[in-house]
Amino acid sequence: GFGMTVAGRAVDLEGVKPRARALLRLLGLRAPALVHREVLQEALWPEADRDTGTRSLQVAVSALRSHLETMSPLTGAHLVDRQGDAYRLAVPDEAVDLRRFERAATDVRAAQRDGVSAADALRVALDLYRGDVLPEDGPAEWVVGRREQVRLEEDLRRQATELATAGERSRLARELHDSVTQALFAMTLVSRSIELQLPTDPAVAMARFAELRELQREALAEMRSLIFELRPGSVERDGLAEALRQHAISLEGRVGLPIV
């Protein structure tokens, strides 16, 4: 839903009439672009004639300015800005979460097209997504198109996330395969060496058993760590303590140091 802060304080719109609140949301949806008064009148007062719609718009703008001025006497009244026959919500482009989400979604598509990592853009989009655009305005024509566009953007973001996750899993699976192959090869060499040395030099052969056990321990730790990354513990399923314990075990296996 719609939310707005002025001077670091959340704007409470409970005391503002419904049409004035809808006007603020519409301007916020288009911010910081100018919206012609006829577009505003048609969207919010479609049943009114031109003169009545103009007066209703002026009353709503005045109410919004007065309310916002109580939040910030210096700048509040100027947030609803008029230029000729058009109005706008005078906020920086980067202050509008919807615009930032749409830019992040665009960055995701560009990264996919160029074959580079979209991880940063995906994180930004995920942090900014808040669900449907202005659900409080229902099927109003002025919001439906933008709402569907953002839904599409979110679907694309979700697909990109799934592709990124699949790519990461494939990378880990390859690492697991390579790690197992290398460990088995090393253990095979040591085992063959023990087999050859045992008849002639049992003491050296027995000493190499310790090396074999260490290789086995390291291989097992590495495989456990990679398997954990493929299927990490779930906080929801296992609880925070167990998920942290499993993660600590995984790190111990990778770095070879105890974690307490």
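Start at 1 with the first residue, then count along the sequence. Since the structure is predicted, the reported quantities are computational estimates derived from the model, not experimental observations.
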Evaluate L29 against F2 for side chain to side chain contact (heavy atoms under 4.5 Å, CB included), listing each step before the verdict. CA-CA 9 Å; L29 187 66; F2 181 82; over 6 Å; no
So which heavy atom on G28 is nearest to which on V96, and how close? O-CG1, 4.1 Å
Is it the case that one hydrophobic cluster holds both V59 and L23, taking links as side-chain heavy atoms less than 4.5 Å apart, direct or via other members? no
Could you measure the distance from the CD atom of E42 to the CD atom of E47? Nearest 0.5 Å is fine. 9.5 Å
What do the steps show when you test W142 against R25 for side chain to side chain contact (heavy atoms under 4.5 Å, CB included), and what is the final call? CA-CA 10 Å; W142 56 269; R25 292 194 295 269; 4.2 Å; yes
Going by atom types only, do R19 and S56 share a side-chain donor-acceptor pair under 3.5 Å? no
Between R30 (side chain only) and R88 (backbone N and O only), is there a donor and an acceptor less than 3.5 Å apart? no
What pair of heavy atoms forms the shortest contact from R82 to D85, and how long is it? NH2-OD1, 3.9 Å
Treating E94 as the side-chain partner and R100 as the backbone partner, does any N or O pair qualify as donor plus acceptor under 3.5 Å? no
Rounded to the nearest 0.5 Å, what separation is found between the NZ atom of K17 and the NE2 atom of H67? 14.0 Å
Which heavy atom of T5 sits nearest a heavy atom of A10, and at what distance? CG2-CA, 4.0 Å
Looking only at the side chains, is there a donor atom on one of T52 and D49 sitting less than 3.5 Å from an acceptor on the other? yes
Once you round to the nearest 0.5 Å, how far does CG of L79 lie from CG of L64? 10.0 Å
Applying the 4.5 Å side-chain criterion to the ILVMFWY set and letting contacts propagate, would M206 and I194 be lumped into a single cluster? yes
Measuring only between side-chain heavy atoms, which start at C-beta, is P32 closer than 4.5 Å to L89? no
CH2 on W45 to CG on L57, rounded to 0.5 Å: 5.0 Å
Taking R65 for the side chain and H78 for the main chain, is one N or O donor matched with an acceptor at less than 3.5 Å? no
Got a second to check how far Q83's CD is from H36's NE2, nearest 0.5 Å? 12.5 Å
Backbone N or O of V16 within a donor-acceptor pair of the R21 side chain at under 3.5 Å? yes
Quick one: CE on M4 to CG on D97, what's the gap to the nearest 0.5 Å? 12.5 Å
Minimum-distance pair of heavy atoms, taken over all atoms of A48 and G53: CB-N, 3.9 Å
Do the side chains of L34 and V39 join up, straight or via other hydrophobic residues, at under 4.5 Å, putting them in one cluster? no
Would you say the side-chain atoms of S66 pair up with the backbone N or O of S62, donor to acceptor, closer than 3.5 Å? yes
Which atom pair, heavy atoms only, marks the closest approach of L26 to A43? CD1-CB, 3.7 Å
